[in-house]
Chemist: 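The structure follows.
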There are 2 protein chains.
Amino acid sequence: MAIRVTIFDDNKKLLDSLDILIDGSPGFQIAGTFPNISNLIADIEKSQPDVILMDIEMPGMNGIEGVKIVKKHFPKINVMMQTAFENDEHVFEAICAGASGYILKSTSPSRILECIVEVYQGGSPMSPTVARKVLGFLQTPKKEPNLSNENKDDYNLTNREKEVLSCLVNGLSYKMIADQCNITYETVRSHMKKIYEKLHVVSMTEAVAKAINQKIVM
Amino acid sequence: MAIRVTIFDDNKKLLDSLDILIDGSPGFQIAGTFPNISNLIADIEKSQPDVILMDIEMPGMNGIEGVKIVKKHFPKINVMMQTAFENDEHVFEAICAGASGYILKSTSPSRILECIVEVYQGGSPMSPTVARKVLGFLQTPKKEPNLSNENKDDYNLTNREKEVLSCLVNGLSYKMIADQCNITYETVRSHMKKIYEKLHVVSMTEAVAKAINQKIVM
DNA sequence: TTTATTTTCCCCGAATTCGGGGATTTACTA
DNA sequence: TAGTAAATCCCCGAATTCGGGGAAAATAAA
């Protein structure tokens, strides 16, 4: 008996290709595909899925809300989240909301099928990176009281590097940072390279996002 | 440069076969193999591993204690636990102790090598069943006091613009965003111009900072 | 006093972003 | 039905960032 899969994804193209992939694979069957979750309950009752594939980034009500509703009304149905990014917040929220799996949109077709089976069988497939984040949530449960300085991981940035990063977060260009810190443009570049290396990022935007989200500066 | 692996396992046979498997695979290298952890610190200092494979069930001091010691003295080294059973207690304890991966002894050789790489690269490979248990630990304490206040000002961004901005916050380049959203590079540029206008910013970094700080995107 | 680490500066070529235009299609609304 | 907003796509040229080098002085640590 085939595993019935219902998909919620606003990306028409992806939705179609998933439809073809899943429905065309023996042992699987598409129960329904929907571009949004505005009729979530009704859609599920109509399609009667064993497993739900839910895009996390959808306009309007997003996938996190979606999974909450699903688990509330259909606790038996396992929901696998699909996302473009391995965003810390999303991972955590999705899991707390009751998601059973968490895979990337870039996952290969064959692996997607595997994951559907695993979810159906009660497992929780997730990418190693997501898994690491999940473990991280468990490993740092003892930090409710103080939240002031003594920021655990500042990635070993030097003072100068933090200063430069701080400028970056404030929207300054390399040239402006050079001016601000009384150093040359090339020196700013040197610091940036080091910062990228230490933060494991490759662009200004990533650096800024990480700096803010992990409170490395300010 | 090969990944250096050190193994602690009291089962001589398994130890040997792992030795052969890992040392015989390109890109891997056995740094040391030990039947117990009575000289854990010294053994690690001597073998200088990138990744440690630790059996969870060992006579005397067990793997849980082992991983605690490792993470205390060598926080950078990633430890992957190997176990015969997916015992709830063990899984939980091992993770809290700092293990980065958790695989079964029945895992196939090729998958073991994959897992070593994943752990080395900062991921956390684990079997779907273990993953489900881990998620269970997170899902049971359902405390969500942090309800962010409804910040109304979203600068009148359209759905598409929010989507693009969200990509930006995740560190994607224009080209990558185009790919992600199934639109052309030029369209991304158009959206970006609008976003800059609406947010009153002039660069990616400013946009990202504003988006995060004012919670314009999720 | 060696040995790191930090901070500083430079070059080249490739890739990416930015500003300022213009244009078409679709869809909603006054 | 005309008008507006949203979403799509294109061009040019200038500015900026990025990767991968190298190098040297000033501190800090061993």
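The structure presented is a predicted model; accordingly, all values stated were derived computationally and were not measured.
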Chemist: Are any of B:T158's side-chain N or O atoms less than 4.0 Å away from OP1 or OP2 of D:dA7?
Modeler: yes
Chemist: Less than 4.5 Å apart, side chain to side chain, heavy atoms only: is that true for A:N11 and B:N182?
Modeler: yes
Chemist: On DNA chain D, compare the nucleotides closest to B:E186 and A:K175; which residue's is nearer the 5' end?
Modeler: B:E186
Chemist: Given side chains that start at C-beta, do those of A:Y174 and A:R189 come closer than 4.5 Å, heavy atoms only?
Modeler: yes
Chemist: In terms of the nearest nucleotide of DNA chain D, which residue is placed more toward the 5' end: B:R160 or A:S173?
Modeler: B:R160
Chemist: Would you call B:E161 and B:K193 a salt bridge, taking side-chain N to carboxylate O under 4.0 Å as the test?
Modeler: no
Chemist: Can you tell me the distance, in whole Å, between the NZ atom of A:K193 and the P atom of C:dT7?
Modeler: 17 Å
Chemist: If you find the nucleotide of DNA chain C closest to A:Y185 and the one closest to A:K198, which residue's nucleotide is nearer the 5' end?
Modeler: A:K198
Chemist: In this structure, how many angstroms lie between the P atom of D:dT16 and the CG atom of A:L172, rounded?
Modeler: 13 Å
Chemist: Would you kindly give the CG-to-C1' distance between B:N182 and D:dT8, to the nearest whole Å?
Modeler: 13 Å
Chemist: Closer than 4.0 Å, any side-chain N/O of A:T187 to the OP1 or OP2 of C:dC9?
Modeler: yes
Chemist: Output the single nucleotide from D:dG19, D:dT8, C:dT8 whose closest atom is nearest the side chain of A:R189.
Modeler: D:dG19
Chemist: Across the strands shown, which category fits A:M204 at heavy-atom distances under 4.0 angstrom: base, sugar-phosphate, nothing?
Modeler: sugar-phosphate
Chemist: Side chains of A:F34 and A:N39, heavy atoms from C-beta outward: is any pair under 4.5 Å?
Modeler: no
Chemist: Taking CD1 from B:I183 and P from D:dT8, how many angstroms apart are they, rounded to a whole number?
Modeler: 5 Å
Chemist: Should the side chain of B:T184 and the base of D:dC9 be counted as holding a donor-acceptor pair, with the cut-off at 3.5 Å?
Modeler: no
Chemist: Rounded to whole Å, how long is the line connecting atom NZ of B:K194 with atom P of D:dC9?
Modeler: 17 Å
Chemist: When the distance from CD of A:E206 to P of D:dC18 is rounded to whole Å, what number comes out?
Modeler: 10 Å
Chemist: Could you state the NZ-C1' distance from B:K162 to D:dA5, rounded to the nearest angstrom?
Modeler: 16 Å
Chemist: Which heavy-atom pair separates A:L18 from A:Q82 by the least distance, and what is that distance?
Modeler: CD1-OE1, 3.5 Å
Chemist: Please report, rounded to the nearest Å, how far the C1' atom of C:dA15 is from the OH atom of A:Y174.
Modeler: 13 Å
Chemist: Is a donor-acceptor pair below 3.5 Å formed from side chain A:S190 to base C:dC9, judging by atom type as modelled?
Modeler: yes
Chemist: Within the structure, does a side-chain N or O atom of B:H191 lie under 4.0 Å from either OP1 or OP2 of D:dA7?
Modeler: no
